[in-house]
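The next block holds one structure in the form of structure tokens; read it before the comments.
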Amino acid sequence: MMTIFDKFQPLAEARRELEQGASNFFNVVMEEIISGTEAVVNGRRMILAGSNNYLGLSFDSDCIEAACQAARREGTGTTGSRMANGTFSGHVALEKELAEYFGRQRAIVFSTGYIANLAILSTVVGPGEVILLDADCHASIYDGCRLGGADVIRFRHNDVEDLEKRLRRLKKRDTNVLVVVEGLYSMLGDRAPLADIVALKQKYDAYLMVDEAHSLGVLGENGRGLAEEADVEDGVDFVVGTFSKSLGAIGGFCVSNHPELDLVRYASRPYVFTASSSPSIIASTRQALKILSARPELRRQIWENADLLYQHLQGLNLNVGPEASPIAAVRFENKAEAFALWSGLLERGVYVNLVLPPATPDGNSLLRSSVSAAHTQEQMAHICKSFTEAIG
Ligand SMILES: Cc1ncc(COP(=O)(O)O)c(C=O)c1O
């Protein structure tokens, strides 16, 4: 008789193949976390050059202190949904602070960024309505689209002409259309052409949601993301983001000026049917949010590091993403070459992420590095030198 796992045979084979290419691929354990940029991995001290800890705030002493105090005061978890016993005063305060930071009327906090996308996309658009999403959007955006039952149409990554063609066709349907893009795309680190997209959404009377997961804290004078940098915040209806990158914690949010945003709280299963974030997470996130606008030097530092690594990789003639960004991706058509460089970097004490199809754009294999404002000059020099040596 077939077992319940037989359907995973293709996956099991792919895993065996991967293990041959890089024996330690599935066994990476962060055994000791030394700082936001260093850990002991499989017994070796490594520079972390693949995390999303863009500003290094997971180790900020004020954030840690805020988290410890909240845990002592309010316990380790809320043990309930926001709709039941899980709304503490910290959740409400964080929502107010997020709304103020973004200059919006409304904010909702979710337990993760993944859940924020599921909640918003499965609720604000539904059957008979249309979501037009950039093909390179994150899995959480795809999953949110699937959960809600709207018609989902992809447009080519960052291709404004393709988007306009689809918007023009949809005009005949006379229905609500939500365009969904990211600020900085998570795999290649490139920006959306947001000013053009806002112009189109206005021309065709559509709604626009921007997932600023990777751009919060990184882009814009105050760190509010690509919409701030491109000076089009008024043209964005919903900003979604996560606390798990620049803010160094875990959680997600949506901010909007729409007066009815709060209805999502009642209509959205991913909001209602999961426990709310623990008090320590909320407290460290509130502290980290203050730092985003108070310490612009962190943004200057991350861009210095980003430019340095991008130029170095370009100088090595590697196939990097289209623009310099804290996410520095190297693309390979051949998986084995990607494995070899990944393993070579590990041997030299540098940990980056190896990302394989189908999680990558264009079916390429990717080495996805990311830099942090917390990487020191010495660490950056070691990362660059390791790339040079590992490509041989
Ligand atoms: C663009 C984007 N949106 C959402 C998420 C999900 O965020 P979280 O890790 O908070 O669930 C990610 C995570 O990598 C992401 O890259």
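Counting starts at 1 for both ligands and their atoms, in listed order.
Between the side chain of S325 and the main chain of G189, a donor-acceptor pair closer than 3.5 Å is present.
Residue pairs satisfying the ring pair (Phe, Tyr, Trp, His ring centres under 6.0 Å) criterion with at least one member in residues 110-133, sequence neighbours excluded, are listed as follows: F110-Y271.
Listed by chain and number, T112, G113, Y114, N117, H138, S140, E182, S186, D211, A213, H214, T242, S244, K245, G251 each place a non-hydrogen atom less than 4.0 angstrom from ligand 1.
In this structure, R173 pairs ionically with D151, as a charged nitrogen and a carboxylate oxygen lie closer than 4.0 Å. Taking 4.0 Å as the cut-off between side-chain N and carboxylate O, E100 and K96 count as a salt-bridged pair. Between K385 and E389 there is a salt bridge, since at least one side-chain N of the basic residue sits less than 4.0 Å from a carboxylate O of the acidic one.
Taking the centre of each ring, H138 and Y185 stay at or above the 6.0 Å mark.
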